[in-house]
Amino acid sequence: MPKSFHLYNTLTKRVEPFRATDPSNVTFYTCGPTVYDDAHIGNFRAFLIADLLRRWLESPLCTIQDADGKEHKGPRTVRHAMNITDVGHMTDDDQADGGGQDKMDAARTRLIEAKKAGTLPAGADIDPADPYAIAKFYGGRFIEDAKKLGLKVASEDAMMPRATAYVPAMIALIERLIARDCAYVTGEPGNRAVYFSVNAFGSYGALSGNTLEALRSGAGGRVDDANQQTKRHPADFLLWKEDASHLMKWPSPWGAGYPGWHIECSAMAYEVLAKAVFPDGNVPNGQPLIDLHTGGEDNIFPHHECEIAQSCCAFNADPSGAPFARHWLHTRFLLVDGAKMSKSKGNFYTARDLFAKGVEPAALRLALIRTHYRTNADFTEQLLKDSQRMIERWRRYAGYDPFEEPADREEINEVLQPFVEAMSNDLNISDAIAFVNIWINRSGGNKRADSFVYREFIGPVLGIEFDYSPPDESSPYVFAPGLERRDDVIEKLEQRKGARANKDFATSDAIRDELAAMGYAIKDVAGGKVEVTRA
């Protein structure tokens, strides 16, 4: 087993030591959501794997290497940015030109129809014709869900940049690429486009395995035939499109229009993460702009391939000598009951769908991270139930009593060794979780040392931490640990209390049934208390 953290690198196609330019301060960029709808659990799997990776890098248990191979033990700072895309992401984003309809425009159309039908989402007090209001609404819902699932970056506003706030930075980056003859303008005023020239970057295709000869163009209606015919290579991809009629547009040297999807991440990765290190935008030859970049496997091509090309050409004097990010991680797709998620099949779930059904966020998090990131995960009802049972077991084990750090550090190090080995071996979460369960079985109790190990080292890495404070003894309602004290549940409990005081047992029973349907089971116990557990 490796002593330092080893991770599979999509760019090099091998498991290798994780290295950082500054091992005490890792720079990390994750491709985030396009906020035109609620994020589904497949989206969240990739975001949660990124969060797990961040937490492991921050852990005092994690040892990484510097550029020269020298080992450095944690803890360390991880500057993790995850963008929010609210412009420029098209429905046909598998094509280099990103054809089809802007996803924010698609959301506008969908919500206008929903308003007419009276089926707007709850709380959607917005103008469906306003794309900025749509982005704010769904962006807020995403952050709410992300916080429930324990994504650390969701609580760091400055590290979740919105694309619309960085359009001037994108324009400046495009100008830089044009000045370096890595991008060019086509078309006549009123119908201009700016393209990146893939021939300017000799390593184009290294991430995905594509070759320039095999790639085909794909305007998909977004760029007219006249502009398409003026491209230097059919795989050249769009950086800016002049379109005065577009829903969201900005002034630029190439006319009012909007940016391509790919340019946003290069601009934001530089502005949020790398600018402090390279204020003039010039990166020494051979040095990456950032340490780590992650996303779903669908981001590999064209999105991340294009990011690498434009970033290296913009910031490195010799583009062939640097990879933009030193390390690339991509999470495989999530299946549901063995099949691709589909609304028509009835197996499509958003995180908030499941929360509304009473699923505990910690259980959903565990279900989505417990399969290795390079394997397709299969989300099933049984997986969710097993994860919930595991969470409840871990919670009981961690305990509530105040504790002090045990004196025997040797015992702690011995206990943690299998966990460290698993996580250091390509983020082997399956083996790490198996160790936690074996360890609990072996211990069989809630020893102070074991409780300390979980609270201080394991829980923070897995992102499954519990409220260790004692329950509120003044409340008549005793909620099971980890069960959300929802306002609507408290209101129904109060209604039931009033019904019982009036000896209206039919209403009391009906409220009990309503609570059960919401995922809450109740039991009257001594002292006038009501125990509230998961139904």
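Just the heavy atoms: all of them, side chains too, but no hydrogens, waters or symmetry mates, feed the values below.
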Give a yes or no on whether the backbone of [Y] and the side-chain of [X] come within a donor-acceptor separation of less than 3.5 Å.
{"X": "S59", "Y": "P75", "answer": "no"}
{"X": "E242", "Y": "N191", "answer": "yes"}
{"X": "N376", "Y": "F333", "answer": "yes"}
{"X": "R326", "Y": "P288", "answer": "no"}
{"X": "T10", "Y": "W328", "answer": "yes"}
{"X": "D291", "Y": "T21", "answer": "yes"}
{"X": "R180", "Y": "A314", "answer": "yes"}

So [Y] and [X], do their side chains get closer than 4.5 Å, heavy atoms only?
{"X": "F196", "Y": "V198", "answer": "yes"}
{"X": "F5", "Y": "L53", "answer": "yes"}
{"X": "F355", "Y": "D145", "answer": "yes"}
{"X": "K148", "Y": "R352", "answer": "no"}
{"X": "H233", "Y": "Y195", "answer": "no"}
{"X": "Y373", "Y": "L329", "answer": "yes"}
{"X": "T27", "Y": "R79", "answer": "yes"}
{"X": "L354", "Y": "F379", "answer": "yes"}

Tell me, yes or no, whether the heavy-atom count around [X] atom [atom1], taken from other residues, nucleotides or ligands under 6.0 Å, exceeds 12.
{"X": "K13", "atom1": "NZ", "result": "yes"}
{"X": "K136", "atom1": "NZ", "result": "no"}
{"X": "Y138", "atom1": "OH", "result": "yes"}
{"X": "D488", "atom1": "CG", "result": "yes"}

List the atom of [X], the atom of [Y], and the distance in Å for their closest heavy-atom pair.
{"X": "L427", "Y": "H372", "value": "O-CD2, 3.6 Å"}
{"X": "L48", "Y": "L149", "value": "CD2-O, 3.7 Å"}
{"X": "E156", "Y": "H80", "value": "OE1-O, 4.2 Å"}
{"X": "Y270", "Y": "G281", "value": "OH-N, 3.1 Å"}
{"X": "H293", "Y": "F324", "value": "CD2-CE2, 3.8 Å"}
{"X": "L173", "Y": "A267", "value": "CD2-N, 3.7 Å"}

side-chain contact (heavy atoms from CB on, under 4.5 Å) assessment of Y8 paired with H330: CA-CA 9 Å; Y8 183 84; H330 293 92; over 6 Å; no
Is there a side-chain contact (heavy atoms from CB on, under 4.5 Å) between M268 and Y29 once you walk through the steps? CA-CA 9 Å; M268 288 188 281; Y29 188 90; 4.0 Å; yes
Quick one: do [X] and [Y] make a salt bridge, cutoff under 4.0 Å?
{"X": "D426", "Y": "R374", "answer": "yes"}
{"X": "R55", "Y": "D51", "answer": "yes"}
{"X": "D298", "Y": "R45", "answer": "no"}

Are side-chain N/O atoms of Y184 and D236 paired as donor and acceptor at under 3.5 Å? yes
Any luck finding a side-chain donor-acceptor pair between N83 and E264 under 3.5 Å? yes
Once rounded to the nearest 0.5 Å, what's the spacing between atom [atom1] of [X] and atom [atom2] of [Y]?
{"X": "R108", "Y": "D127", "atom1": "CZ", "atom2": "CG", "result": "10.0 Å"}
{"X": "R162", "Y": "I84", "atom1": "CZ", "atom2": "CD1", "result": "4.5 Å"}
{"X": "L207", "Y": "F301", "atom1": "CG", "atom2": "CZ", "result": "10.0 Å"}
{"X": "H246", "Y": "K241", "atom1": "NE2", "atom2": "NZ", "result": "9.5 Å"}
{"X": "D38", "Y": "D353", "atom1": "CG", "atom2": "CG", "result": "7.5 Å"}
{"X": "T12", "Y": "H327", "atom1": "OG1", "atom2": "NE2", "result": "6.5 Å"}

If the test is side-chain hydrogen bond (donor to acceptor under 3.5 Å, both in side chains), which one of Q310, E271, E307 qualifies with S266? Q310
Kindly determine whether I263 and L177 satisfy side-chain contact (heavy atoms from CB on, under 4.5 Å), including the steps that lead there. CA-CA 11 Å; I263 196 67; L177 288 167; 4.3 Å; yes
Worked verdict on T380 versus D378 for side chain to side chain donor-acceptor pair (under 3.5 Å): CA-CA 6 Å; T380 65; D378 190 13; 6.0 Å; no
Please step through side chain to side chain donor-acceptor pair (under 3.5 Å) for the pair H72 and S24, ending with a clear verdict. CA-CA 8 Å; H72 299 260; S24 65; over 6 Å; no
Look at the rings of F237 and H262 and say which category their plane angle falls in: under 30° parallel, 30 to 60° tilted, over 60° perpendicular. perpendicular
Can you name the one residue among L52, V461, T371 that meets side-chain contact (heavy atoms from CB on, under 4.5 Å) with I429? L52
Axial cation check for F28 ring with R54, 6.0 Å and 45° limits: no
side-chain contact (heavy atoms from CB on, under 4.5 Å) for W254 and I171? Distances and angles first, verdict last. CA-CA 10 Å; W254 320 286; I171 291 172; 3.9 Å; yes
Can F315 and F278 be said to form a ring pair (Phe, Tyr, Trp, His ring centres under 6.0 Å), step by step? CA-CA 9 Å; F315 298 117; F278 310 107; 8.6 Å; no
Quickly, which of Y349, F142, F348, F47 forms a ring-ring contact (aromatic ring centres under 6.0 Å, His included) with H40? Name it, please. F348
